[in-house]
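Supplied in structure tokens, the structure appears directly below.
Note: hydrogens, waters and symmetry copies are ignored here, and every other heavy atom, side chains too, is used.
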Amino acid sequence: MTWINVLLLAVLILMLALATVRSVPRRRIFIIVFLDLPFIVLVVRWAAYRGEWRELALAAVAAGLAFMLWWFVHGRRLGPPRDDNIRVLTKDDPL
């Protein structure tokens, strides 16, 4: 078992999870289709080729725990940015 692989996979899985959760709901499907799914396919193929299923499982658990920690500490107050209430300030309507 190589701990560098576990750490790298955990960081990548955590970054993808945070990017998916923090994205605008209308654009979330784009992130899932073009980032998450290709990453999942590549990682599963890598684990199958190298026989590194324990490393992948350990990285997924570590990323899941880090994501839950982020969510409980910081994430509940930070939902995805809302794009339906954008106001443009002009001279006629300052607020």
Side-chain angles (χ1 to χ4, degrees):
M1 180 182 292
T2 307
W3 290 103
I4 297 295
N5 290 343
V6 173
L7 182 64
L8 180 66
L9 284 173
V11 167
L12 289 174
I13 292 170
L14 179 62
M15 288 173 44
L16 283 175
L18 290 175
T20 303
V21 169
R22 291 284 298 147
S23 65
V24 177
R26 290 187 305 175
R27 295 189 183 118
R28 191 169 293 154
I29 191 73
F30 177 80
I31 290 179
I32 290 171
V33 169
F34 290 109
L35 289 179
D36 293 349
L37 288 178
F39 177 76
I40 290 169
V41 169
L42 287 174
V43 168
V44 168
R45 288 178 58 109
W46 171 81
Y49 178 73
R50 300 269 318 253
E52 304 288 353
W53 292 106
R54 287 188 320 175
E55 290 183 3
L56 180 58
L58 189 58
V61 168
L65 290 174
F67 183 79
M68 287 190 321
L69 177 69
W70 174 82
W71 184 258
F72 285 123
V73 171
H74 195 57
R76 286 182 283 172
R77 292 184 300 273
L78 291 176
R82 300 189 64 176
D83 62 347
D84 59 346
N85 60 358
I86 296 174
R87 290 189 63 181
V88 178
L89 300 177
T90 63
K91 292 179 185 178
D92 300 331
D93 184 25
L95 288 177

Taking a hydrophobic cluster as the set of Ile, Leu, Val, Met, Phe, Trp and Tyr residues connected by side-chain heavy atoms closer than 4.5 Å, whether directly or through intermediates, do Leu7 and Leu58 fall within one such cluster?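 No, Leu7 and Leu58 fall in different hydrophobic clusters.
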If we check side-chain contact (heavy atoms from CB on, under 4.5 Å) with Leu18, which of these qualifies: Val21, Leu14, Thr20?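 Answer to the side-chain contact (heavy atoms from CB on, under 4.5 Å) test with Leu18 among Val21, Leu14, Thr20: Leu14.
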Quick check on the hydrophobic clustering: are Leu65 and Phe72 connected, directly or via other members, by side-chain heavy-atom contacts under 4.5 Å? yes
Can you hop from Val43 to Trp53 via hydrophobic side chains spaced under 4.5 Å?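 Yes.
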For the student: nearest non-hydrogen atoms of Leu56 and Ala47, plus distance: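 Shortest heavy-atom separation between Leu56 and Ala47 comes out as CD2-CB, 3.8 Å.
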Assign the ring pair Trp70 / His74 to parallel, tilted or perpendicular, where the plane angle (0 to 90°) is split at 30° and 60°. perpendicular
Exercise: identify the closest heavy-atom pair between Ala10 and Ala62: CB-CB, 4.2 Å
Is it true that Ile32 and Phe39 fall in one hydrophobic cluster, defined by side-chain heavy atoms closer than 4.5 Å? no
Nearest 0.5 Å, what's the CG-CZ distance between Leu35 and Arg28?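 Separation between the atoms: 13.5 Å.
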Pro38 and Val33 have their tightest heavy-atom pair at CD-O, 3.2 Å
Could you tell me whether the side chain of Glu55 reaches within less than 4.5 Å of the side chain of Trp46, counting heavy atoms only?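 Yes, side chains in contact.
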Report yes if some heavy atom in the side chain of Tyr49 is under 4.5 Å from a heavy atom in the side chain of Val44; otherwise report no. no
Please give me the minimum heavy-atom distance between Val6 and Ala59, naming the atom from each residue.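 Heavy atoms only, the tightest pair is O-CB, 3.5 Å.
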Inspect the surroundings of CD1 in Ile4 and state if more than 12 heavy atoms from other residues, nucleotides or ligands are less than 6.0 Å away. no
Give the cluster check for Leu16 versus Leu8: same hydrophobic cluster or not, with ILVMFWY residues linked at side-chain heavy-atom distances below 4.5 Å. yes
Distance check, rounded to the nearest 0.5 Å: Glu52 atom CD versus Leu9 atom CG? 9.5 Å
What I'd like to find out is whether the side chain of Ile13 reaches to under 4.5 Å of the side chain of Phe67, using heavy atoms alone. no
